[in-house]
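The block underneath contains the structure these notes are about, expressed in structure tokens.
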There are 2 protein chains.
Amino acid sequence: MSLQENTIGLAKDEEISARDPEAAARALALVQQLIEEGEEAEDRKDLKDREAIRLDLRDTLSELHPADVAYILEALPLDERLIVWDCVRSSQDGEILVEVNEAVRETLIDAMNKDELVDAVEKLGTDEIADLVEDLPPDVVAEVQEGLSHEERAQLRAAMSYPEDSVGARMDFDIVSIQQDVTLDVVLRYLRRLKKLPDHTDQVFVVDRDERLMGTLPVDRILTHAPDQLVKNVMVADVLTLSPLEDVGDAASAFERYDLVSAPVINESGRLVGRLTVNEVVDIIREESDEEAFGAVGLDDDQDLFESIWSSAKARWIWLGINLFTAFFASRVISAFDGTIEKVVALAALMPIVAGIAGNSGNQTLTLLVRSLATGQITESNQLDVIKKEVLVALINGFIWGIIAGLFAWALYYNSPDGKLLGLTMFMAMMLNMLMGAVVAILVPLTLKKLGRDPALGGSVLLTFITDSGGFFIFLALATYIFSV
Amino acid sequence: MSLQENTIGLAKDEEISARDPEAAARALALVQQLIEEGEEAEDRKDLKDREAIRLDLRDTLSELHPADVAYILEALPLDERLIVWDCVRSSQDGEILVEVNEAVRETLIDAMNKDELVDAVEKLGTDEIADLVEDLPPDVVAEVQEGLSHEERAQLRAAMSYPEDSVGARMDFDIVSIQQDVTLDVVLRYLRRLKKLPDHTDQVFVVDRDERLMGTLPVDRILTHAPDQLVKNVMVADVLTLSPLEDVGDAASAFERYDLVSAPVINESGRLVGRLTVNEVVDIIREESDEEAFGAVGLDDDQDLFESIWSSAKARWIWLGINLFTAFFASRVISAFDGTIEKVVALAALMPIVAGIAGNSGNQTLTLLVRSLATGQITESNQLDVIKKEVLVALINGFIWGIIAGLFAWALYYNSPDGKLLGLTMFMAMMLNMLMGAVVAILVPLTLKKLGRDPALGGSVLLTFITDSGGFFIFLALATYIFSV
């Protein structure tokens, strides 16, 4: 098949020739093998062989997509990563720097001198340069800026001026725009003169003389309509537009909902200033999901898997510190009931159950709330219905699982004179603590949302704090009362 | 601005006219207001007014994008949802059923009779019908199938035959394919005859007479190259191809990495059988993220926010049951050391700290491993490096936080004769338990991956089980030994 012949022709090794989703993993294995062979040659002091292997590595890397090289760099320990980085063709440096995650990018930039960095960065588009700026040394940024045109410098300044999670920070400037009073034939001739369209051009933008957006002309309409038709008769006027200050998460939801490939970004006066494309949206959704998963355990979402051991250890301290603090607080609550535990030592064995189950049940509610807030399914107008429902669910489950846990506790201590009272304490504490967990799980994200903060922020820590400390308190205070009556 | 005039002209109410990411939320608020007004009119027995409001609602809904209607249906309690569903124009029914999530879809289908369902479904494409089939009554499916052409029936069978998470189950059949020996001008004339191209057509597929894929012709090349050029000289031969049996998650990673809009799906003999598009990939990534978040707390990712209270309560039982079981097991571990706790009651207050911190620290490692496995950053060849690094990090953090917790414990019980021994027990138990947590957090996902299972599966439950039960055991056993010496 010509398709495969062609790709085999391109790639050095059969193993990585067929382009499919596993190609990058195969390339990684091949690169690791070459590095290992190179190290063996070096151990044998066979410098000629080592050089041959290095050349092989260079060839292999030069045939890979920059995104695949980025993937390989992220998957290698630091020393091997720098060997690969050294072998990458300098013409690809810039694109690869854009592709790798921030933690890995820093290690690569550290290994480059000023001239290499300027060479790599000045080939990029202004929106890509804007992404890199904060990781680059100031003298590199200054030199790159000197090489830009007046317009590009203005774009760079604009891109850097928008907040991190805004559409403005993620849009690009690769816009093809046309006037509405020309025929499709004129548009076609214009496009042909451009030689190449920007990636993800599913529509060209129709603007007036002041660059205000009048509508868009989808590429498929250019292809399927007669060439003598006027743009204004073929264009779509009802398009989704974004503002540069809009939250990228909301923009991503719109892309998801309306199945968009690109969307125009316009400023307050209706002027077209950029566009957001679906590849950026895919990255945004992935980042949101990473942020959520890593954030839930107090980690930065920009992880270098092979960060130094010491920095990895340190990266986890804040989280461990917060949790140690809340755990010590819960411990103080328990020790306030020393006397009761001394009398009925079974309480010590039973109390973690009350705390744990309420925490788990609360986390279910919390996850549901945070997710539904993120997708916009909970609004001002229906949140009361949601609160009612979740509280009722907590009441029902608190009652049912309170009874189950109570019966279990009674069964476990059936032969003890305290058995019945332990069961009763267990039942009441479970019910109360599960209800309390639900209330916290509902109120924390809704309150954060109301305050304009991220509803996922710290909810889980606070929830565990309350269901632990509160759970121990409820259980032991109830026990103190019940066993003293 | 003509853009806004046009949209205002389209939509009934100014409030929802401008198309922006918040349009759907505004439409939801408007719909809720109309429903409320309708109910008030009904309370007043003003049936004429109620009818007028219903008509308003109908108008409002008919102007919305099906995805917006789907969003509104998902955000409404069941009774209001059915009022809206009743007012939706029947020509949109099918598309909306495809858009809503499964849990909500069931409630909508339950409210439709057979004829309505057949009408709604038969307008859809075969790939969309395939998505709905499992939720439809068998007699509806049978009738819809009768209305399909021979080719469509084959496509439907094919789409239904692939496993849920395979590319085959998510691909569509809206393919535009051409031969390689014609000129671009011929291609242009062919496309014009089609009148409309399928959504997300960023490339047309070049096939030979046996429909085997030879390459693709990106739409921008059609636009920018001279019309007299031959397809085979302009087409791209080195394209990423997918197999229908490929995992959709891997395909999504490839879209992410190479910034694709569409990719051809070919069978073993190289024949083009369908294509995967980026809008489907966006949905896949979102679903993965939902599955992960909901799965971590034992919930189904297809949530109906307004499911009946009883079903919501039940949906959480398995998870609560599992957790109650592991909590009772941990409780048994504690009660095995009754004697020691009776002697040194401070142990009861300190033991949850050991269990909790190791659980939290283990969860950090687990999250890192699961995520890195999902993105393919951990491979057979580098997993040993990762294991070494994570164990070392756990040793370092175990040592540091063991000392901190040990000193704290000593300080808390400084005036007690047991103070020093409690600090020592705390230090040793923290270190051991954090190490154990890390080992579990590393081994569980790697083992699951090796067995070909989802690495995220149940790791968190098992981890908490081990760090709780194991933590109590380590701490109390150490205490029993230390205090008896």
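Note: hydrogens, waters and symmetry copies are ignored here, and every other heavy atom, side chains too, is used.
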Portion of E36(A) that has a non-hydrogen atom of chain B nearer than 4.5 angstrom:
neither
Can you sort out the partners of V370(B) under side-chain contact (heavy atoms from CB on, under 4.5 Å), two or more places apart, ordered by chain and number?
L366(B), P445(B), A456(B)
My understanding is that only residues two or more places apart in sequence, or in another chain, count here; which of them pass side-chain contact (heavy atoms from CB on, under 4.5 Å) with H65(A)?
A67(A), D68(A), Y258(B)
Using non-hydrogen atoms and a 4.5 Å limit, figure out which bit of A254(B) sits close to chain A: side chain, backbone, both or neither.
side chain
Taking the six-membered ring of F337(A) (Phe, Tyr or Trp), confirm whether the NZ or CZ of R332(A) is under 6.0 Å from its centre and within 45° of its axis.
no
Does any non-hydrogen side-chain atom of L223(A) lie less than 4.5 Å from one of L197(B)?
yes
Heavy-atom distances under 4.5 Å only: say whether S361(A) touches chain B with side chain, backbone, both or neither.
both
Chain B shares the most heavy-atom pairs under 4.5 Å, among K389(A), M351(A), R371(A), Q377(A), with R371(A)
Side chain, backbone, both or neither: which part of A405(B) has a non-hydrogen atom closer than 4.5 Å to chain A?
both
Check each atom of E74(A) against the heavy atoms of chain B and say whether the ones under 4.5 Å are side chain, backbone, both or neither.
both
Does any heavy atom of chain B fall under 4.5 Å from the side chain of T375(A), the backbone, both, or neither of them?
backbone
Shorter than 4.5 Å, heavy atoms on both sides: which option in V282(A), D208(A), D259(A), T201(A) has the most such pairs with chain B?
D259(A)
Heavy-atom contact with chain B under 4.5 Å, split by part of K388(A)
neither
Go through D250(B), N397(B), T367(B) and name the one with the most non-hydrogen pairs under 4.5 angstrom from chain A.
N397(B)
Against chain B, label Q364(A) side chain, backbone, both or neither, depending on which of its atoms sit under 4.5 Å from a heavy atom there.
both
I400(A), part contacting chain B, at a heavy-atom distance under 4.5 Å:
side chain
Residues E390(A) and R316(B) bridged, charged N to O under 4.0 Å
yes
Between E288(A) and chain B, with a heavy-atom cut-off of 4.5 Å, which part of the residue counts as in contact: side chain, backbone, both or neither?
side chain
Residue part contacting chain B, namely of A330(A), when any heavy atom lies under 4.5 Å
neither
Applying a strict 4.5 Å limit to non-hydrogen atoms, the region of F255(A) in contact with chain B is neither
